[in-house]
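Everything below concerns the one structure shown next.
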Amino acid sequence: MVTITGIPDGWPTDEAAARAAQDALRGRVVVDETGPPPGAGTVTGIDVAYDDERDVVAAAAVVLDADTLDVVEETTAVGRVAFPYVPGLLAFREIPAVLGALRELTADPGLVVCDGYGLAHPRRFGLASHLGVLTGLPTMGVAKNPFAFAHDTPGRERGSAAPLLDGADEVGRALRTRTGVKPVYVSVGHRVSLDNACAHALALTPRYRVPETTRRADRLCRDALAAVSDGVLGLTARPLPGT
DNA sequence: GCGACAG
DNA sequence: ATCTTGTCGC
């Protein structure tokens, strides 16, 4: 079956309202907790895929055993696109669908690993922090590209890191998850420490640059999007006659 | 004002 | 994110 997600009541419709919402919520981010230790319990990857042409979005949540990295549970949700892509306001585009997928889970998500940033954000309230505040779950962000803060190049070996600095504050780290491969960008979302977030990022990358959580969620939400685009929501053309 | 800009 | 073919390398 396909679960369909709506957009929460009062969800911002324009950029000014979205920025105001970030300003109103960022004070609720909890930064004095260490979070679950790597290898214990579960870790959950979330990701979203879009078909802006058809105004359709698909989200996926994949729960992994933190020790073995085996899949424990997978859920998806589809809906209409809630917000355009605007740098700094990514959460408003992704979160409604993500909440839909998380609602379907029966397993404990444990630490939620997001695509993007948490505190390493222009207003200190990126996607990972926003999702954490809305759900109460510990969250962290792992972005594939640099965003708001400059940084030095980390050492070439897996595990090397360079701080993302906002003045004197370390708001994240460029972390080398594989030797000789370009780094990823780790930041705290909610209820985890930066050190622990980096440890998790390394525990989740035994083979590839990107965490196993996000790789799994990425594939699942793309599959879900392809499935709905193929007619589940009555959005596509009929097969060609005689083919 | 101009360019850059998570996904 | 998404559009897209081949291609270099382990």
Side-chain angles (χ1 to χ4, degrees), chain A residues 12 15 18-19 21-22 26 29 45-62 76-101 112-133 139-151 158 162 164-166 171-175 177-190 194 197 201 206-211 213-230 235-236:
Chain A
E15 298 186 22
R19 291 198 186 84
Q22 291 180 328
R26 72 182 152 196
V29 177
I46 52 125
D47 197 14
V48 181
Y50 301 91
D51 182 341
D52 285 289
E53 277 304 296
R54 299 191 173 93
D55 190 38
V56 177
V57 55
V62 180
T76 59
V78 298
R80 322 241 63 145
V81 177
F83 206 85
Y85 171 66
V86 179
L89 300 179
L90 179 62
F92 299 93
R93 181 169 170 79
E94 306 227 319
I95 285 185
V98 168
L99 291 177
V112 178
V113 180
C114 304
D115 261 38
Y117 289 89
L119 295 180
H121 174 276
R123 285 172 295 284
R124 291 285 212 289
F125 198 66
L127 164 67
S129 296
H130 200 147
L131 184 66
V133 165
T139 61
M140 60 177 272
V142 178
K144 296 181 283 298
N145 296 293
F147 181 33
F149 301 96
H151 60 85
R158 164 174 158 88
L164 267 42
L165 296 175
D166 181 12
V171 294
R173 273 176 210 157
L175 176 68
T177 54
R178 305 297 309 168
T179 298
V181 176
K182 69 177 191 172
V184 296
Y185 303 86
V186 177
S187 56
V188 167
H190 183 60
L194 183 55
R207 174 74 173 137
Y208 300 100
R209 175 175 86 114
V210 169
T213 38
T214 45
R215 296 187 70 246
R216 286 278 187 22
D218 180 74
R219 277 187 50 178
L220 184 57
C221 69
R222 288 194 207 218
D223 290 347
L225 183 65
V228 294
S229 292
D230 272 339
L235 298 164
T236 40

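Every value quoted in this text rests on a predicted model; they were computed, and no experiment measured them. In what follows, every chain begins at residue 1, and chains take the letters A, B, ... in the order their sequences are listed.
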May I ask you to decide if [Y]'s main-chain N or O and [X]'s side chain share a donor-acceptor pair within less than 3.5 Å?
X: T177(A); Y: R209(A); value: yes
X: S187(A); Y: V171(A); value: no
X: Q22(A); Y: G88(A); value: yes

query: What nucleic acid atoms does G88(A) come within less than 4.0 Å of, heavy atoms only: base, sugar-phosphate, or nothing?
result: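 Touches a base.
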task: Scan L89(A) against the nucleic acid and name what it touches under 4.0 Å (heavy atoms): base, sugar-phosphate only, or nothing.
output: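 The residue L89(A) makes base contact.
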Could you work out, with salt bridge (charged side-chain N to carboxylate O under 4.0 Å, His left out) as the rule, every residue matching [X], not counting sequence neighbours?
X: D115(A); result: K144(A)
X: R124(A); result: D166(A), D169(A)
X: D223(A); result: none
X: R222(A); result: D218(A)

Pairwise N/O distances under 3.5 Å, protein to nucleotides 1-10 of chain C:
| residue | atom | partner | partner atom | Å |
| --- | --- | --- | --- | --- |
| dA1(C) | OP1 | R222(A) | NH2 | 3.4 |
| dT2(C) | OP1 | Y50(A) | N | 3.4 |

query: Which atoms form the tightest heavy-atom contact between L131(A) and I95(A), and what is the distance?
result: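 Closest pair (atom of L131(A), atom of I95(A), distance): N-CD1, 3.7 Å.
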field: Test side chain to side chain donor-acceptor pair (under 3.5 Å) applied to R207(A) - qualifying residues, sequence neighbours left out
entry: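 Checked R207(A) against side chain to side chain donor-acceptor pair (under 3.5 Å); zero matches.
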field: Partners meeting side chain to side chain donor-acceptor pair (under 3.5 Å) with R158(A) (sequence neighbours left out)
entry: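 Expected list: T205(A).
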task: At the 4.0 Å heavy-atom cut-off to chain A, mark where contacts on DNA chain B begin and end, going 5' to 3'.
output: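 With heavy atoms of chain A under 4.0 Å away, the range is dC5(B) to dG7(B).
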query: Sequence neighbours excluded, which residues qualify as side-chain contact (heavy atoms from CB on, under 4.5 Å) partners of R216(A)?
result: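 If we apply the side-chain contact (heavy atoms from CB on, under 4.5 Å) test to R216(A), skipping adjacent residues, the hits are V62(A), L64(A), V71(A), E212(A).
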query: For the atom pair CZ (F149(A)) and CZ (R173(A)), what is the distance rounded to the nearest 0.5 Å?
result: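 Nearest 0.5 Å value for the CZ-CZ distance: 15.0 Å.
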Watson-Crick or G-U stems of DNA chain C, 3 or more pairs, under 3.5 Å, by first number: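 Stems found: none.
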- request: Can you run through DNA chain B from 5' to 3' and write each base as (, ), [, ], | or . depending on how it pairs? Watson-Crick or G-U wobble, both distances under 3.5 Å.
  value: .......
message: Checking F83(A) now: which residues fulfil ring-ring contact (aromatic ring centres under 6.0 Å, His included) with it, not counting sequence neighbours?
response: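 Result, ring-ring contact (aromatic ring centres under 6.0 Å, His included) vs F83(A): F92(A).
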